[in-house]
Amino acid sequence: MRAYGSVEKLIDVQKRIAKRALDTIKPLRVTPKHVVGLDVAYSRTYGGVAVATLVDFESKQLVDYSVAVGEPRLEYIPGLLAFREAPLLYTALQSLGHDFDLVVVDGHGISHPRRAGIATHIGLALGKPSIGVAKKKLYGDEVHVRGVSQCIEYPCIVGYLVDENGYKLAYLVVSNKRSRAPIYVSPGAGIDLDSALRVAMEMILGTKLPLPTHYADRISKHIARQLDRGVLKPSQLKKGIKRLDGFIAGQA
DNA sequence: GCGACAG
DNA sequence: ATCTTGTCGC
């Protein structure tokens, strides 16, 4: 982890990031047109495989995607995920070369020990609203408002996450009838909790994750496997929706 | 010392 | 995250 200095140093950076992000938390006044999804999978031979997807909010269709491959500069340390994955995600986002209005990141936003999860880091750096959607809890106490068996429609809000002061950090959402555990939806930056929840829920269509992140997860894992099989080379990676043929279809 | 611990 | 066979359920 020498590439960044000490852990204490990184923690200080996050405290500053959190302070800045706090001022950007506000209701989302507009309906996004294009939403980006960000996620990273891992290849044993080439390291991280970051994917940025572009989804049309209205039609819910995958418009395009881009990829970036490289060895992470830092090991995985709970709470410091942003320093490990954000750099590669930025690279993927740049090659996407398309404008967008909001970004959904695989991981937490303010539901983080210092209120600076990877979604917060990215949203602040990009200057655009960001939402964090994680599959597991990192920080906070869970408050359940209803049991999974009490859900009538999906996605279903089963509770929320609060900090030591009772402040809401994220919502616990059970995406579909098959899902057991909930996903955690929190604001990263430039958007408040309720707006983040609304946008995230509108993009969950039978999937466990919102479409942008759902696609990024599938594509990144697919590419990581192809790389490890040797049927695909990093030099041939770029971007393209054309080669995703039928694989994108039956994914719900 | 023990439990928690995004990806 | 990734490593992995079978198994339970729709």
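Labels below follow one simple rule: chain letters A, B, ... track the order of the sequence lines, proteins then strands, and each chain is numbered from 1.
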Phosphate contact (B:dG7 OP1 or OP2) by A:K135 side-chain N/O below 4.0 Å: yes

Identify whether NZ of Lys or CZ of Arg in A:K177 sits under 6.0 Å from the centre of the six-membered ring of A:Y154 and within 45° of that ring's axis. no

Please report the shortest heavy-atom distance between A:L74 and A:L10, naming the atom on each side. CD2-CD1, 4.3 Å

Whole-Å distance separating the CG atom of A:N176 from the P atom of C:dC10: 14 Å

Could A:K60 and A:D56 be called an ion pair, given the rule that one side-chain N must be under 4.0 Å from one carboxylate O? no

For A:A41, report the nucleic acid contact type (base, sugar-phosphate, nothing); a contact means any heavy atom under 4.0 Å. sugar-phosphate

Value in whole Å for how far the C1' atom of B:dA6 lies from CD1 of A:I131: 17 Å

Round to a whole Å and report the spacing from OH of A:Y46 to P of C:dT2. 17 Å

Spacing of A:I110 atom CD1 relative to B:dA6 atom P, expressed in whole Å: 18 Å

Which nucleotide, B:dC5, B:dA6, C:dA1, lies nearest any side-chain atom of A:K137? B:dC5

With under 30° as parallel and over 60° as perpendicular, where do the rings of A:Y160 and A:Y171 fit, or are they tilted in between? perpendicular

To the nearest Å, how far apart are A:R84 CZ and C:dA1 P? 12 Å

For A:D228 and C:dA1, give me the distance from atom CG to atom C1', rounded to whole Å. 13 Å

Base, sugar-phosphate, or nothing: which does A:G132 touch, judged by heavy atoms less than 4.0 Å apart? nothing

Please check the phosphate of B:dA6 (OP1 and OP2 only) for any side-chain N or O of A:Y76 closer than 4.0 Å. yes

A:H112 NE2 to B:dA4 P, in whole Å, measures 19 Å

Side-chain N,O (A:K177) to OP1/OP2 (C:dC10) below 4.0 Å: no

Closest listed nucleotide, where the reference is the side chain of A:R44 and the choices are C:dA1, B:dA6, C:dC3: C:dC3

Between atom NZ in A:K136 and atom C1' in C:dT2, what is the gap in whole Å? 11 Å

Assign A:L80 to base, sugar-phosphate, or nothing according to its heavy-atom contacts below 4.0 angstrom with the strands shown. base

Testing the basics here: between A:E142 and A:Y184, what is the closest heavy-atom pair and its distance to 0.1 Å? OE2-OH, 2.6 Å

